[in-house]
Amino acid sequence: MKKGSEQQYIDLYEQQRELICRHSSPAMNAPREAAFERFRNSGFPSKKVERYKYTDVQQLFAPDYGLNLSRIDIPADPYEAFRCDVPNLSTLLYFMVNDAFYGRLQPKGQLPEGVIIGSLAENAHSIDGFYNQLAGKDGDAVTDLNTMLAQDGLLVYVPRGVKVERTVQVINMLKSPWKSGEAALMVNRRVLIVLEEGAELKMLFCDHAADDRQFLATQVIEAYVGSGAALDLYCLEETHYKNVRVSNVYIDQQRDSRVNHNIITLHNGVTRNKLDLALSGEGAECNCCGCVIADKQQHVDNNTLITHRVPHCTSNELYKYVLDEQSTGAFAGRVLVEHGAQKTVSQMTNQNLCATREAHMYTQPMLEIYADDVKCAHGSTVGQLNDAALFYMRQRGIGEQEARLLLENAFVGEVIDKIALQPLRDRLHYLVEKRFRGELSKCEGCKLCH
């Protein structure tokens with residue numbers, strides 16, 4: 001019998017499996033038992049497990065969190081609480097309240113014919129053959145926990161040849177269903193994205209906490225990108241220091257597809273992001289970027305695995321961190337080139353600034369290559385701001401604090417500039433500057449609208 005932090009979740013599922021299933025759908029219920037058996041047998045990984053060596057997952061899940069398994073209704077209208085839109089971007093705005101798709105109101109503007117954006121539980125007929133097919137093969141304990149407890153989520157389906165011109169923006173809003181008390185809340189959110197052949201989609205996820213209390217959010221995103229399809233996936237976290245986020249993203253790309261994945265952490269407590277991306281069709285290309293700004297005792301861990309399964313594919317990774325005070329950052333990136341994946345082109349770069357001696361950065365770029373005709377490179381740096389550059393700017397009348405801010409902005413700007421959407425790119429430059437100035441001390445709604 002497990003004696004660690006996982007035992008409370010094993011007991012919970014055994015006692016509440018009927019309630020969990022009753023408030024979900026057959027398609028989401030189908031893989032629950034298998035996920036539960038895997039979780040019960042393995043438990044949470046320790047820091048001795050390679051992919052979890054920088055984050056103590058057992059400790060994160062140890063507190064006694066409350067779950068809204070009975071689906072208590074949250075009456076607040078998120079469209080009133082969060083008027084969130086990026087100026088000049090003209091997004092289609094949707095909300096996830098905890099793990100539930102908010103479907104009472106729909107954004108203005110028509111979706112192209114055949115496109116589905118809605119609740120996973122209510123669109124069970126559309127997820128058959130896709131749900132948990134990528135995540136279920138991973139054997140990751142957090143993914144299995146999410147699979148056995150998740151009751152709803154978001155489905156985004158774009159049929160063959162359809163291009164969604166407007167960016168789809170989704171606000172992931174954490175809000176307690178209980179009116180009083182300080183009970184911590186655990187949320188298990190699921191997202192399924194399916195792009196058929198030749199489809200195109202741009203998505204922006206924004207994570208926010210509407211209550212000043214402790215949250216633990218697990219999230220599993222599965223994205224199927226068909227031949228010739230294009231997916232731009234941007235994720236922005238602006239929560240608060242009481243928030244724990246554990247997110248696992250699984251992406252599968254087919255022939256000649258393109259994926260841009262950009263994840264930005266501006267405010268958080270403890271964040272652990274995992275990306276598993278497979279290039280399964282020749283000519284596929286992915287560009288994966290990350291930007292982290294952390295201070296106080298914040299902790300951000302990004303772990304990536306990009307698998308080149310077939311020839312003639314390209315992958316690029318660029319992750320940058322700026323760590324201040326006693327914050328901790330970690331980046332572990334692995335590129336796996338399988339047998340026969342000739343003509344692979346891959347570049348991985350991780351660059352980091354530690355503004356204080358108390359800040360800590362762990363970096364581990366890795367290449368694992370089983371083909372002999374490839375162009376693969378990786379590199380990482382950990383350092384401080386350039387003293388010569390600071391001296392040069394101060395000699396020209398720029399104060400030390402302002403000079404540091406300008407250099408830090410320029411450092412992370414390379415990641416922001418990878419974003420293809422100019423209005424979002426401009427807004428993020430503005431937000432990053434405010435973050436460095438200490439003006440975004442807590443989440444007060446979506447900062448993209450201020």
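The figures that follow rest on heavy atoms only: side chains count, while hydrogens, waters and symmetry mates do not. This is a predicted model, so every value here is computed, not measured.
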Trainee: Run F44 and F39 through ring-ring contact (aromatic ring centres under 6.0 Å, His included) and show every step you take.
Mentor: CA-CA 8 Å; F44 289 119; F39 181 79; 5.1 Å; yes
Trainee: Hey, what do you get for CG (L174) to CG (N243), rounding to the nearest 0.5 Å?
Mentor: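 One gets 5.5 Å once the value is rounded to the nearest 0.5 Å.
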Trainee: Write down the atom of M28, the atom of Y131, and the distance for their closest heavy-atom approach.
Mentor: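 That would be CE-OH, 3.5 Å.
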Trainee: If you look at every heavy atom in Q58 and P45, which pair is closest and at what distance?
Mentor: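 Heavy atoms of Q58 and P45 come nearest at CG-O, 3.7 Å.
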Trainee: Quick one: do R17 and E33 satisfy salt bridge (charged side-chain N to carboxylate O under 4.0 Å, His left out)? Show the steps, please.
Mentor: CA-CA 9 Å; R17 58 161 46 96; E33 287 301 317; 3.1 Å; yes
Trainee: Quick one: do the D99 and N188 side chains pair a donor with an acceptor below 3.5 Å?
Mentor: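 Per modelled atom types, D99 and N188 side chains form no pair under 3.5 Å.
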Trainee: What distance do I251 atom CD1 and I193 atom CD1 have between them, rounded to the nearest 0.5 Å?
Mentor: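 So the gap between those two atoms works out to 7.5 Å.
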Trainee: Just say parallel, tilted or perpendicular for the rings of Y370 and H339, cut-offs at 30° and 60°.
Mentor: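 Tilted.
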Trainee: What is the distance from atom OG of S346 to atom CD1 of I369, rounded to the nearest 0.5 Å?
Mentor: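 Taking OG in S346 and CD1 in I369, the distance rounds to 8.0 Å.
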Trainee: Can you check whether R71's main-chain N or O pairs, donor with acceptor, with N68's side chain at less than 3.5 Å?
Mentor: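 Pair found, side chain donor or acceptor close to backbone of R71.
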Trainee: Side chains of T349 and Q347: any donor to acceptor distance under 3.5 Å?
Mentor: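 T349 and Q347 do have a side-chain donor-acceptor pair below 3.5 Å.
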Trainee: Between R190 and D152, is there a salt bridge with N-O shorter than 4.0 Å?
Mentor: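 A salt bridge is absent here (no side-chain N lies under 4.0 Å from a carboxylate O).
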Trainee: Which atom names give the shortest non-hydrogen contact between P159 and A199, and what distance separates them?
Mentor: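 Of all heavy-atom pairs spanning P159 and A199, the closest is O-CB, 3.6 Å.
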Trainee: Can you check whether L69's main-chain N or O pairs, donor with acceptor, with Q151's side chain at less than 3.5 Å?
Mentor: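 Here the side-chain-to-backbone pair exists.
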Trainee: Can you establish whether the number of heavy atoms outside Q59 located under 6.0 Å from its atom CD is more than 12?
Mentor: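 No, not enclosed.
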Trainee: Determine the minimum heavy-atom distance between A341 and V374, stating which atoms define it.
Mentor: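 Closest heavy-atom pair between A341 and V374: O-CG1, 3.9 Å.
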Trainee: Report yes or no: does E200 contribute a side-chain atom to a donor-acceptor pair with the main-chain N or O of A230 at less than 3.5 Å?
Mentor: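 Checking the backbone N and O of A230 against the side chain of E200, no donor-acceptor pair under 3.5 Å is found.
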Trainee: Can you find a side-chain donor-acceptor pair between N350 and Y321 that sits under 3.5 Å?
Mentor: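 Side chains of N350 and Y321: no pair found under 3.5 Å.
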Trainee: Apply salt bridge (charged side-chain N to carboxylate O under 4.0 Å, His left out) to D56 and K47, showing your working.
Mentor: CA-CA 6 Å; D56 191 344; K47 295 181 74 173; 5.8 Å; no
Trainee: Say whether Y65 and Q214, considering side chains only, have a donor N or O and an acceptor N or O under 3.5 Å apart.
Mentor: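 Short answer, yes.
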Trainee: Given 3.5 Å as the limit, does a donor-acceptor pair link the side chain of E222 with the main chain of L134, or not?
Mentor: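 Between the backbone of L134 and the side chain of E222 there is a qualifying donor-acceptor contact (under 3.5 Å).
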Trainee: Between K320 and V292, is a side chain to side chain contact (heavy atoms under 4.5 Å, CB included) present by the stated rule, with each step listed?
Mentor: CA-CA 6 Å; K320 289 195 171 188; V292 174; over 6 Å; no
Trainee: Go through D138 and K274 one step at a time and tell me if the salt bridge (charged side-chain N to carboxylate O under 4.0 Å, His left out) criterion holds.
Mentor: CA-CA 12 Å; D138 183 32; K274 187 179 84 163; 2.5 Å; yes
Trainee: State whether a side-chain donor-acceptor pair under 3.5 Å links T314 with E285.
Mentor: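 No, no side-chain donor-acceptor pair sits under 3.5 Å.
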Trainee: On the ring face of Y234, is K202 found with NZ or CZ under 6.0 Å from the centre and within 45° of the axis?
Mentor: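 That pair does not qualify as a cation-pi contact.
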Trainee: Taking atom types as modelled, find out whether D252 and S280 have a side-chain donor-acceptor pair closer than 3.5 angstrom.
Mentor: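 There is such a pair (donor and acceptor under 3.5 Å, judged by atom type) between the side chains of D252 and S280.
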Trainee: Salt bridge check, R435 against D295: does any charged N sit closer than 4.0 Å to a carboxylate O?
Mentor: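 The answer is yes: the pair qualifies as a salt bridge.
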Trainee: Relative to the ring of Y362, is the ring of Y54 parallel (under 30°), tilted (30 to 60°) or perpendicular (over 60°)?
Mentor: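 Because their plane-to-plane angle is under 30°, the rings of Y54 and Y362 count as parallel.
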Trainee: Does the side-chain hydrogen bond (donor to acceptor under 3.5 Å, both in side chains) test come out yes or no for E50 and Q364, once each step is laid out?
Mentor: CA-CA 11 Å; E50 183 67 24; Q364 187 181 21; 2.9 Å; yes
Trainee: Between R272 and D301, does any NZ, NE, NH1 or NH2 come within less than 4.0 Å of an OD or OE carboxylate oxygen?
Mentor: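 So D301 pairs with R272 through a salt bridge.
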Trainee: Quick one: closest heavy-atom pair of N29 and C21, and the distance?
Mentor: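 Closest approach of N29 to C21: ND2-O, 3.2 Å.
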Trainee: For atom CD of E14, decide whether the heavy atoms of other residues, nucleotides or ligands shown that lie under 6.0 angstrom number more than 12.
Mentor: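 Yes, enclosed.
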Trainee: Apply side chain to side chain contact (heavy atoms under 4.5 Å, CB included) to residues L155 and S119 and explain how you reach the verdict.
Mentor: CA-CA 6 Å; L155 169 66; S119 162; over 6 Å; no
Trainee: Could you tell me whether the side chain of Q298 and the main chain of G269 form a donor-acceptor pair under 3.5 Å?
Mentor: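 Not confirmed, Q298 side chain does not pair with G269 backbone.
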Trainee: How long is the gap from CG on L275 to SG on C288, to the nearest 0.5 Å?
Mentor: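 Going from CG on L275 over to SG on C288, the span is 5.0 Å.
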Trainee: Does H208 reach the main-chain N or O of E238 with its side chain, forming a donor-acceptor pair under 3.5 Å?
Mentor: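 Yes; at least one donor-acceptor contact below 3.5 Å.
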Trainee: How long is the span from the SG atom in C313 to the CZ atom in R255, to the nearest 0.5 Å?
Mentor: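 Reported to 0.5 Å precision, the distance equals 9.0 Å.
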Trainee: Taking the side chain as C-beta and beyond, is there a heavy-atom pair between V115 and V164 under 4.5 Å?
Mentor: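 The answer is yes, as the side chains (C-beta and beyond) meet within the 4.5 Å cut-off.
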Trainee: Within a radius of less than 6.0 Å around CZ of R160, do more than 12 heavy atoms belonging to other residues, nucleotides or ligands occur?
Mentor: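 Counting other residues, nucleotides and ligands, CZ of R160 stays at 12 neighbours or fewer.
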Trainee: Regarding E237 and T239, is there a side-chain donor-to-acceptor distance under 3.5 Å anywhere?
Mentor: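 Short answer, yes.
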Trainee: Are Y224 and L195 close enough, and set up right, to give a side chain to side chain contact (heavy atoms under 4.5 Å, CB included), and what steps lead you there?
Mentor: CA-CA 6 Å; Y224 298 83; L195 272 62; over 6 Å; no
Trainee: Can R245 and T271 be counted as having a side-chain donor-acceptor contact under 3.5 angstrom?
Mentor: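 Checked: R245/T271 side chains show no N/O donor-acceptor pair below 3.5 Å.
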Trainee: Is N146 reaching over with its side chain to a backbone N or O of V142, donor-acceptor style, under 3.5 angstrom?
Mentor: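 No, N146 side chain to V142 backbone: no donor-acceptor pair under 3.5 Å.
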Trainee: Does this structure show an ion pair linking E414 with K418, if we count only N-O contacts that are shorter than 4.0 Å?
Mentor: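 Result for this pair is no, no salt bridge flagged.
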Trainee: Can you name the nearest heavy-atom pair linking Y9 to P63, along with the distance?
Mentor: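 In terms of heavy atoms, the two residues are closest at OH-O, 4.0 Å.
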Trainee: Is N302 reaching over with its side chain to a backbone N or O of F331, donor-acceptor style, under 3.5 angstrom?
Mentor: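 Checking the backbone N and O of F331 against the side chain of N302, no donor-acceptor pair under 3.5 Å is found.
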Trainee: Counting only N and O atoms by type, is there a donor-acceptor contact under 3.5 Å from the side chain of R32 to the main-chain atoms of A150?
Mentor: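 Flag set: sc R32 to bb A150 pair under 3.5 Å.
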Trainee: Stepwise, does the side chain to side chain contact (heavy atoms under 4.5 Å, CB included) test hold for L149 with M186?
Mentor: CA-CA 10 Å; L149 295 179; M186 178 180 183; 4.3 Å; yes
Trainee: Are K343 and E282 close enough for a salt bridge, meaning some N to O gap below 4.0 Å?
Mentor: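 No, this pair does not count.
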Trainee: Can you tell me how far apart CG (D140) and CG (L145) are? Round to the nearest 0.5 Å.
Mentor: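 Here the interatomic distance stands at 10.0 Å.
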Trainee: Verify side-chain hydrogen bond (donor to acceptor under 3.5 Å, both in side chains) between D417 and H429, making sure each step is shown before the conclusion.
Mentor: CA-CA 9 Å; D417 288 338; H429 277 299; 2.8 Å; yes
Trainee: Let me see the working for R258 and D232 under salt bridge (charged side-chain N to carboxylate O under 4.0 Å, His left out), right down to the final yes or no.
Mentor: CA-CA 8 Å; R258 178 187 57 79; D232 287 6; 2.8 Å; yes
Trainee: Please check this pair: side chain of S24 against backbone of I20, looking for a donor-acceptor N/O pair closer than 3.5 Å.
Mentor: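 No.
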Trainee: Do the side-chain N and O atoms of S327 and H299 include a donor-acceptor pair separated by under 3.5 angstrom?
Mentor: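 Note: S327 and H299 side chains miss the donor-acceptor criterion.
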